[in-house]
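This report concerns only the one structure given below.
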2 protein chains.
Amino acid sequence: MPAKRPPIPLSRERIIDAALEIADAQGLRRLTMRRLGDALQVEAMAIYHHVPGGKEALLDALAQHVTTVSVDPAGLPAWRDLAGAWCRAGRAALLAHPGVLALAMTKPPRGSAAAAIREQTQQLSDAGLADAPAAVRALRSYVFGSVAVELQQTGWADPRTEHVSGDPEGDAAFERGLSALLTGLAGS
Amino acid sequence: MPAKRPPIPLSRERIIDAALEIADAQGLRRLTMRRLGDALQVEAMAIYHHVPGGKEALLDALAQHVTTVSVDPAGLPAWRDLAGAWCRAGRAALLAHPGVLALAMTKPPRGSAAAAIREQTQQLSDAGLADAPAAVRALRSYVFGSVAVELQQTGWADPRTEHVSGDPEGDAAFERGLSALLTGLAGS
DNA sequence: ACCTGAACACCGTTCAAGT
DNA sequence: ACCTGAACACCGTTCAAGT
């Protein structure tokens with residue numbers, strides 16, 4: 001007789017992964033505690049046991065997930081290359097989950113996301129950049145904004161549209177603007 | 001005897017204004033058809049008569065409202081000054097209604113908002129800028145992103161926090177990054 | 001033409017109860 | 001410890017009905 005396979009136990013990580021999947025596929029407005037429960041084969045109320053703050057805390061966690069990046073500065077002695085690497089990493093993390101971009105831009109950075117900003121600032125400062133905090137702020141602004149504009153352009157927003165993750169036109173536009181900004185930061 | 005003053009008739013404009021007020025004061029998640037009806041002294045269902053697409057169309061209209069700007073190019077012959085004026089106007093329009101920034105960044109530009117982008121491109125092209133479409137895209141990215149970062153920083157997100165609209169630190173950071181980007185665009 | 005009331009299918013969250 | 005079921009106060013939207 002077929003053994004009853006025990007259900008995979010619920011965990012914060014599984015919940016976040018499932019939530020990202022729903023948001024990316026159907027949009028943030030359709031990310032619902034009840035739908036999330038369905039996706040995890042569990043009643044919606046079980047989620048509260050693993051995510052104490054309820055839905056608001058879950059959304060915070062999603063924002064944190066797509067804004068936490070890290071860059072290894074080894075082999076990138078020039079601040080310009082280092083800054084470029086941080087920007088590309090940040091962009092990739094945001095593009096990976098277009099459904100939660102609005103959260104990433106709206107929620108203030110907390111925990112690991114805030115730590116990543118501090119690390120970026122420290123690395124750029126160490127690499128010899130004069131006003132690293134101002135530069136990081138300008139770079140973060142550009143990364144956030146360019147991803148938003150790119151997703152607007154490719155007609156995401158409607159989750160019905162198919163999104164091509166490796167859009168070469170978006171890549172090129174991003175690099176052009178990034179290059180301009182880095183050049184400008186060098187001169188200031 | 002006191003005359004029964006006739007209620008101000010409902011209109012699309014009054015609905016949008018009231019919706020902006022609620023979103024700014026209480027956050028987008030609390031902008032509800034029923035609450036909106038209350039604010040307008042009307043049953044929620046009356047709104048559907050003036051905004052055909054329902055809530056989704058209302059949110060589109062809010063996004064359009066805060067992304068529709070215009071600049072008079074007279075007296076700004078240099079493309080750099082002209083571009084700066086567009087960016088400052090765009091930033092001011094977004095900062096005026098922090099509650100709907102997430103919509104502005106997420107919804108693709110339509111109608112008057114799309115027209116404004118075309119006008120900006122045309123003006124910059126006329127002013128002698130080489131690749132105006134690429135520049136406009138980079139500038140829009142920076143404006144969106146810097147407003148998002150600024151609102152994150154000032155602790156908006158929680159609508160409980162008091163937001164200072166003329167934040168001088170935000171102004172300075174914006175101008176520094178803008179200047180860097182414009183310098184970089186000139187060289188490319 | 002414009003608004004209302006009742007109704008329907010959903011939400012987030014609580015709390016006592018099950019195992 | 002972990003999950004469920006029922007319940008409560010809300011949502012968006014429809015539709016027939018009122019004026």
Side-chain angles (χ1 to χ4, degrees), chain A residues 3-23 25-63 99-100 102-103 106-107 157-160, chain B residues 3-23 25-63 99-100 102-103 106-107 157-160:
Chain A
K4 231 190 297 178
R5 50 209 141 116
I8 306 160
L10 212 48
S11 70
R12 188 181 162 89
E13 199 196 355
R14 282 190 64 222
I15 291 169
I16 289 175
D17 286 350
L20 287 171
E21 202 170 336
I22 292 174
Q26 313 188 38
L28 210 47
R29 295 201 52 219
R30 294 184 68 80
L31 173 57
T32 265
M33 296 305 269
R34 282 165 149 104
R35 238 187 292 267
L36 187 50
D38 282 352
L40 292 162
Q41 312 230 51
V42 103
E43 294 300 313
M45 299 73 196
I47 296 167
Y48 289 80
H49 229 269
H50 297 264
V51 185
K55 191 172 189 188
E56 204 55 41
L58 176 62
L59 298 183
D60 282 352
L62 299 183
V100 297
L103 294 176
T106 279
K107 303 258 182 193
D158 257 293
R160 287 181 288 277
Chain B
K4 230 190 298 177
R5 51 211 140 113
I8 306 160
L10 213 49
S11 71
R12 187 181 162 88
E13 200 197 352
R14 282 190 63 224
I15 291 169
I16 289 175
D17 286 349
L20 287 171
E21 202 168 337
I22 293 174
Q26 313 187 39
L28 210 47
R29 298 201 50 220
R30 294 183 68 80
L31 173 56
T32 267
M33 297 304 269
R34 284 166 148 105
R35 238 187 291 267
L36 188 50
D38 281 353
L40 293 162
Q41 313 229 47
V42 104
E43 295 299 314
M45 299 73 195
I47 296 166
Y48 290 80
H49 229 268
H50 298 264
V51 185
K55 190 172 189 188
E56 203 56 42
L58 176 62
L59 298 183
D60 282 351
L62 298 183
V100 298
L103 294 176
T106 281
K107 304 258 182 191
D158 258 293
R160 286 181 288 277

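Here is the naming used below: chain letters follow the sequence lines, and residue numbers restart at 1 for every chain.
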Distances under 3.5 Å only, N/O to N/O: pair up the protein atoms with those of nucleotides 1-3 of chain D.
unit_1, atom_1, unit_2, atom_2, d
D:dC3, OP2, A:H50, NE2, 2.5

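- The CG atom of A:L36 sits 10.0 Å away from the CZ atom of A:R14 when rounded to the nearest 0.5 Å.
- Among the duplex regions that DNA chain C forms, those built from at least three successive Watson-Crick or G-U pairs under 3.5 Å are C:4-8 with D:12-16, C:12-16 with D:4-8, ordered by first number.
- With respect to B:R29 and A:E56, a salt bridge is recorded, a charged nitrogen being found less than 4.0 Å from a carboxylate O.
- Residues B:D17 and B:E21 are not in side-chain contact: their nearest non-hydrogen atoms beyond the backbone lie 4.5 Å or more apart.
- The closest side-chain heavy-atom distance from A:L103 to A:T106 is not below 4.5 Å.
- For the atom pair CG of B:L59 and NZ of B:K107, the computed distance is 5.0 Å after rounding to the nearest 0.5 Å.
- The closest side-chain heavy-atom distance from B:L31 to B:Q26 is not below 4.5 Å.
- If you take CD1 on B:I15 and CG on B:L10, they are separated by 4.0 Å, rounding to the nearest 0.5 Å.
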Counting primed atoms plus P, OP1 and OP2 as sugar-phosphate and everything else as base, spell out the protein contacts along nucleotides 6-19 of chain C at 4.0 Å heavy-atom distance: B, S or - for each nucleotide, 5' to 3'. BB---BBBB-----
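- Nearest heavy atom pair, residue A:M33 against residue A:I47, reads O-CD1, 3.6 Å.
- Going from atom CZ of B:R34 over to atom CE of B:M45 covers 5.0 Å, rounded to the nearest 0.5 Å.
- Taken to the nearest 0.5 Å, the NE2 atom of A:H50 stands 13.0 Å off from the CG atom of A:L58.
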